[in-house]
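Whatever order the structure lists them in is the order used to number ligands and atoms, beginning at 1. Position 1 is the first residue of the sequence; numbering continues from there.
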Amino acid sequence: MRTPPSIDRRTFSTWLLAGSAGPLAACDPGGLKGMGGDAAAVPEANEAESAPPVPAVKPGETLAMAKSLGRGINFGNALEAPRENAWGVPISPELFDVARDIGVQTIRLPVRWSNHALAKAPYTIDPAFFERVDFAVEQTLQRKMKLVLNMHHYRQLDGQATDGRKDKSFHLDKDEFAVEPALLHERFKAMWAQIAERYKSLPRETVLFQIYNEPNYALTPSIWNELAADTLAVIRRSNPERFLVVPSINWLPSLAKLQLPEADPRLIVDVHNYQTIAFTHQQLQWMDPVPPAMPFDRKVQDKILEELDVMAEWVKAHRRPIWIGEFGVSIGTDPKERAAYARFNRDAMESRGFSWAYWDLAGEFAVYDPKARRFYPGMRDALFGA
Ligand code: GLC
């Protein structure tokens, strides 16, 4: 597998200064210091009270931001693997070219920070890993796409049995390490303090942070709502104006239990739609049992629409935007059924005013095969064609 070139810091800094219109970048060149991976300067995470008030938005501004995410794609199986390249998708310039060329407006970048930070305070994130994320950020922004940078697969925080395992007790992925359980939430916030500080100068028109992917299992609604509020306060200390993405709890089922800080109008909610799992996850060997081949029939279509209706109701009731940050179908599915699924979802989401990001570009649900250097049949058109 090819090793991508390491980041050229000069290029990135130049881009930051030239390309960003945000007030932070304009008046805070010192913010770039953090880009150098200054390990000594790990910001404090446990002073949520000191977060500044979040500036008000103009009417419709957050909704406009959510809409501007448009058609997106997930850079899955890359930086959210326990180690880079462990799940077969390289962070290569070629893949960013592919995304830009097919018309992707937003890249969602899943990142497993938890495997690249110290186990104990101050939970310093490995500077070399930060540089790999810098590289992906730079590649995205250079090509004029928007970016949603997240935290993904903190297995121990979820207390989750990894997908497909028979026993539902908690275990870590291969090559992952555990920390003292009592430190989990503090570590989560401390990692966010560092991420937020490092990227605070990036333009808020194009870069959003998503505080976590799919809280579930041990992250029950009450636990998650509290952790999310604390984490948002930590991020707001360095990024008062940035639009932040907060995930729904337990996919759709606990959306109604999600509580967001009233005083923060700069939040977008991410809900994923894999209806139905039997259809979207067919033939995946890590599923237990492995779902057999099935067509994209009326029943599946109805389930998709049902989920979208629940989301649309929530938006109306809460006056906050929802972004569909994941939906997708496995590459083992019949190509015609895959393309039909992709097109159906796209049309259904867009006709209801939702922006979206397909899962994923080059992994197990891919649009593009990086080894063969070709698109999977029908997928490019179904998602991004006329
Ligand atoms: C999940 C995850 C992603 C996973 C995908 C397919 O919801 O966010 O990491 O690979 O969906 O199961």
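In summary, the atoms of ligand 1 found under 4.0 Å from a heavy atom of H153, numbered by their order in the structure, are 9 (O). The contact set between ligand 1 and H281, taken as ligand atoms under 4.0 Å from a residue heavy atom, comprises 6 (C), 12 (O).
Where the criterion is an N or O separation shorter than 3.5 Å, residue side chain and backbone included, N77 fails it with respect to ligand 1. Checked against a 3.5 angstrom limit, the closest N/O atoms of E326 and ligand 1 fall inside it. Considering backbone and side-chain N/O atoms, Y274 comes within less than 3.5 Å of an N/O atom of ligand 1.
Heavy atoms of H152 approach ligand 1 to within less than 4.0 angstrom.
Only the side chain of W286 comes within 4.0 Å of ligand 1, judged by heavy-atom distances.
Ring centers of Y274 and F327: at least 6.0 Å apart, outside the cut-off.
Proximity of a side-chain donor or acceptor of S330 to a complementary backbone N or O of Q282 within less than 3.5 Å is detected.
Sparse packing is recorded around CD of E226, with 12 or fewer heavy atoms of other residues, nucleotides or ligands lying under 6.0 Å away. Remark: R374 CZ is packed, more than 12 non-hydrogen atoms of other residues, nucleotides or ligands lying under 6.0 Å away.
The side-chain contact (heavy atoms from CB on, under 4.5 Å) test with R108 is passed by exactly one of L149, L69, N213, L147: N213.
Considering CD of E131 and CG of D126, their distance stands at 9.0 Å, rounded to 0.5 Å.
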